[in-house]
Amino acid sequence: MDLGPIDLDHTLSCGQAFRWKKRDGRWSGIVAGEEVVLEQDGDEIDVQTGLSERELRDYFRCDDDITSIFKEIGKDRYVAGLLRKYQGLRILRQDPWECSASFILATYANVPRIIQMVENVCRTFGTRLPEGSYAFPTPEQIIKKSDEAGTCGLGYRCARFVQFARSVHLGEIDFNMLKRASYQDCVDGLIRFDGIGNKVADCVAIFSLDHLEAFPIDVRIGRAIEQQYEVQGSYRKVSEWARQHFGRYAGYAQEYIYYDQDARNRSVSRRR
DNA sequence: AACCAGGTCTCGA
DNA sequence: TCGAGACCTGGT
């Protein structure tokens, strides 16, 4: 299947989604409750899934005009280098509920632990698929046996996670409306919920609600921006600077910078 | 064995 | 509007 210019390794391991695993050269994950297995050989990607081609192309954002996106953020010298270095890293379009619930768990934890927490949640509440893995649970599945949330190792995030499931189940958040809304209205709509601050809201906005100008700032991005551009300060100040500097696809630049910082960390830990 | 993690919340200035 | 402290817990 043709998913456009994409590198699965970069795209699925960069920390935007937490449910993809690579084994024996194949990536397997679950999208919209369906198992997806992908194997990339150069430009060829072999796909095994019950998902329709339309759904898969939607998930991989094949509708994006990637050329003009790269042209735009590539105006920055540093990012231009990263575009070459990590060619084929793409932003995904994830399910808003799964994305927001996952990033509520992602606060103040490292990626391996986030993956573990999400996996625990899926095994505890989610539907078991024929292949043996579990789908990400619906809000209702979580509410029905919320007393078991304590066994998932979520720490202080547990109460927020369950409460958010309740809010979503009660229809207190309209993701489709947030998609159509302006970036700022989208963030304002997300940030009302306990456990969603600036950073999580930006992650949800870019990874699931089509607001590619969202620029999530974690500690590593903060450091990188300070080093590369000598810009620092409050979240609001830095993120506004980033949208100004990188333009309407600022979030795409953010993901390349984040991945580069991640790669540096990985090589440091190998050296130890 | 400490250290730190894709932050958020609360509170005071 | 901003900065400082506390915070569950498990990888590394």
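From a predicted model like this one, the values you see are computed outputs, not experimental measurements. Side chains included, hydrogens not; waters and symmetry mates left out as well; all remaining heavy atoms used. In the text below, chain A, chain B and the rest are named by the order of the sequence lines, each starting its count at 1.
A cation-pi geometry, defined here as NZ or CZ lying under 6.0 Å from the six-membered ring centre and within 45° of its normal, holds between A/Arg220 and A/Tyr258.
Stem regions annotated for DNA chain C: B:2-5 with C:9-12, B:7-13 with C:1-7, counting only runs of 3 or more consecutive pairs of Watson-Crick or G-U type with both contacts under 3.5 Å.
One side chain, A/Tyr229 or A/Asp76, offers a donor N or O that lies under 3.5 Å from an acceptor on the other. Looking at A/Tyr156 and A/Thr107, their side chains do bring a donor and an acceptor atom within 3.5 Å of each other. Using a 3.5 Å distance cut-off with no hydrogens or angles, the side chains of A/Ser133 and A/Glu35 do pair a donor with an acceptor.
With sequence neighbours left out, A/Phe103 forms a ring pair (Phe, Tyr, Trp, His ring centres under 6.0 Å) with A/Phe18, A/Phe207. Looking at residues two or more places apart in sequence or on another chain, you find a salt bridge (Lys or Arg N to Asp or Glu O under 4.0 Å) between A/Arg26 and A/Glu39. With sequence neighbours excluded, no residue forms a salt bridge (Lys or Arg N to Asp or Glu O under 4.0 Å) with A/Arg192. For A/Asp41, there are no side chain to side chain contact (heavy atoms under 4.5 Å, CB included) partners two or more places apart in sequence or in a different chain.
Among residues at least two apart or in separate chains, salt bridge (charged side-chain N to carboxylate O under 4.0 Å, His left out) pairs with a member in residues 235-259 of chain A are A/Glu72-A/Arg248, A/Arg236-A/Glu240. Evaluation of the salt bridge (charged side-chain N to carboxylate O under 4.0 Å, His left out) test over residues 193-211 of chain A, restricted to residues two or more places apart or in two chains, returns A/Arg61-A/Asp210, A/Arg93-A/Asp210. For residues 118-136 of chain A, the set of pairs meeting the salt bridge (charged side-chain N to carboxylate O under 4.0 Å, His left out) definition, not counting sequence neighbours, comprises A/Arg19-A/Glu119.
If you measure from atom CZ of A/Phe18 to atom P of B/dA5, you get 15 Å, rounded to the nearest angstrom. The distance from atom CG of A/Asp262 to atom P of C/dG11 is 17 Å, rounded to the nearest whole Å. Remark: C1' of C/dG10 and CD1 of A/Ile114 are 12 Å apart, rounded to the nearest angstrom. One atom, CZ of A/Arg113, and another, C1' of B/dC3, lie 14 Å apart when rounded to the nearest Å. Nucleotide C/dT12 holds its P atom 11 Å from the CD atom of A/Gln116, rounded to whole Å.
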Test side chain to side chain donor-acceptor pair (under 3.5 Å) on A/Glu55 and A/Ser52; report intermediate values, then the result. CA-CA 5 Å; A/Glu55 288 172 301; A/Ser52 72; 3.1 Å; yes
Does the side chain to side chain contact (heavy atoms under 4.5 Å, CB included) test come out yes or no for A/Glu230 and A/Glu226, once each step is laid out? CA-CA 4 Å; A/Glu230 297 177 354; A/Glu226 188 178 341; over 6 Å; no
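Nucleic acid contact for A/Glu255: base, since at least one base atom lies under 4.0 Å from a heavy atom of the residue.
Near DNA chain B, defined here as any heavy-atom distance below 4.0 Å, the residues from residues 148-172 of chain A are A/Tyr156, A/Arg160, listed numerically. For residues 192-220 of chain A, proximity to DNA chain C is found at no residue, defined as any non-hydrogen atom under 4.0 angstrom from a strand atom. For DNA chain B, the residues of residues 101-109 of chain A within the heavy-atom distance limit of 4.0 Å (strictly under) are A/Ala106, A/Thr107, A/Tyr108, A/Ala109, sorted by number. Of all the residues in residues 222-236 of chain A, A/Ser234, A/Arg236 reach under 4.0 Å from DNA chain C with at least one non-hydrogen atom.
Residues A/Cys99 and A/Cys203 approach most closely at SG-O, 4.3 Å, considering heavy atoms. The nearest pair of heavy atoms linking A/His10 to A/Tyr259 is ND1-OH, 2.9 Å.
Look at the C1' atom in both C/dG10 and B/dC9: the space between them is 22 Å, to the nearest Å.
The aromatic ring centres of A/Tyr249 and A/Phe215 sit 6.0 Å or more apart.
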